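For reference, the structure discussed in these notes is given below.
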Amino acid sequence: MKIGFIGLGNMGAPMAANLVKAGHEVTGFDTAGVTVEDVTPAASGPEAAKGAEVVITMLPNGAILRLVAAEVIPAMAKGATLVDCSTVDVDSAKSVAQDTEKAGILFVDAPVSGGIGGAAGGTLTFMAGGSDVAFAKAEPLFDIMGQKAVHCGEAGAGQAAKICNNMILGVTMIATCEAFALADKLGLDRQKMFDVVSTSSGYSWTMNAYCPAPGIGPQSPADNDYKPGFAADLMLKDLRLSQQAAESADADTPMGALAQALYARFVEEEDGAGRDFSAMLPRFEKRGRG
Ligand code: NAD
């Protein structure tokens, strides 16, 4: 299949590489000039989209997605499918869905979970919104780039699932980091803490698969000086999206609100910008109650 891939960053580059490995013909574009082995470089988004049966976008946010979609949709053939894998606000996903419909193009919002490890290993989880026909077009590609794709409902439903998942992720990472910092102050060995919690009722993805303590558990950004991984800035973006959604849906999300405030302080006033979201642990290490 001919595929256009726009946004070849931490996630997009390995996803595009997996499509190539599976035998697809991929043309890619990234404003930062990133190139990926065996992905044909294009000079622009519309050039990457021209003649493609499926165009995949993996971009930083909804504002950029809207700009890219406005350029790319007119370059796409009628009946082609646009699959947005970025994490964006539900309104941007719905607005792009409307624009594609007017242009006779199918659309799926399909944000992912699984991080850069999942992108490289082809084990992402896709949460998808869109019509049955659009989902069916994208599903074989989800099977290459991931291990599971859940069709959550109409356009926007994938983003709704993603921001709920990431609200849990942000809250859980903070809880895991503050528990490690408390354990330190109580004189508990970190490895023992991991051995207990990872097999007890406090276990979670943040503890078991992405442990924020260096040298403990499987390899994670903590072992690489908290280089992202999943940047704290992106976590903050997602927590803002879930709070924005909670406000418009009149949902009570107090833990999500606290997590957003903490990540905002970490990124905007402390040293969290550009670091992995698990760097909350050294932040808590330095602090006392006062
Ligand atoms: P990234 O910043 O590494 O990649 C985004 C890429 O988009 C960059 O290379 C940038 O140059 C490019 N870009 C920006 N504007 C562009 C434009 N107009 N045209 C073409 N390319 C453009 O971010 P990432 O970590 O790859 O994340 C991408 C998306 O996936 C985000 O929405 C993020 O929230 C989501 N996500 C990330 C992770 C993770 O662990 N990193 C996990 C799940 C979801």
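Here the structure is a predicted model, which means the values were calculated and not measured. We count ligands from 1, going down the list as the structure has it; atoms in each ligand are counted the same way.
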So, is Met11 polar-close to ligand 1, with some N/O to N/O distance under 3.5 Å?
-> yes
Are the ring centres of Tyr210 and Phe277 closer than 6.0 Å?
-> yes
When you look at CD of Glu101, are more than 12 heavy atoms from neighbouring residues, nucleotides or ligands closer to it than 6.0 Å?
-> no
Taking everything shown except Lys227 itself, do over 12 heavy atoms lie less than 6.0 Å from its NZ?
-> no
Restricting to heavy atoms, the pick from Lys237, Lys162, Met235, Met58 nearest atom 30 (O) of ligand 1 would be Met58
Return yes when Gly229 approaches ligand 1 closer than 4.0 angstrom through a heavy atom, no otherwise.
-> yes
Looking at side-chain heavy atoms only, is the closest gap between Tyr226 and Leu281 below 4.5 Å?
-> yes
Any idea which protein heavy atom is nearest atom 43 (C) of ligand 1, and the distance to it?
-> Val112 O, 3.5 Å
Check Leu59 against ligand 1 and report side chain, backbone, both or neither, counting heavy atoms closer than 4.0 Å.
-> both
Validation row: Arg265, Arg283 side chains within 4.5 angstrom (heavy atoms) = yes
Does Pro60 come within less than 4.0 angstrom of ligand 1, counting non-hydrogen atoms of the residue?
-> yes
For residues Thr57 and Asp84, is any side-chain donor paired with an opposing acceptor at under 3.5 Å?
-> yes
Option nearest atom 44 (C) of ligand 1 (shortest heavy-atom distance, choices Ile116, Thr87, Asp238) | Thr87
Between Thr31 and ligand 1, find which residue part has any heavy-atom pair under 4.0 Å and reply side chain, backbone, both or neither.
-> both
Would you mind checking which non-hydrogen protein atom is closest to atom 3 (O) of ligand 1, with the distance to 0.1 Å?
-> Asn10 N, 2.9 Å
In the protein, which heavy atom is nearest to atom 4 (O) of ligand 1, and how far is it?
-> Gly9 CA, 3.3 Å
Would you kindly specify which portion of Glu71 sits under 4.0 Å from ligand 1, judged on non-hydrogen atoms: side chain, backbone, both or neither?
-> neither
The closest protein heavy-atom partner of atom 9 (O) of ligand 1 is Asp30 OD2, 2.6 Å
Does the distance from a Lys or Arg side-chain N to an Asp or Glu carboxylate O, for Glu270 and Lys286, drop under 4.0 Å?
-> no
Protein contact of atom 23 (O) of ligand 1 - nearest heavy atom, named by residue and atom, plus distance = Leu234 CD1, 4.4 Å
Nearest-neighbour protein heavy atom for atom 18 (N) of ligand 1, which is reported as residue plus atom name and distance = Val68 CG2, 3.4 Å
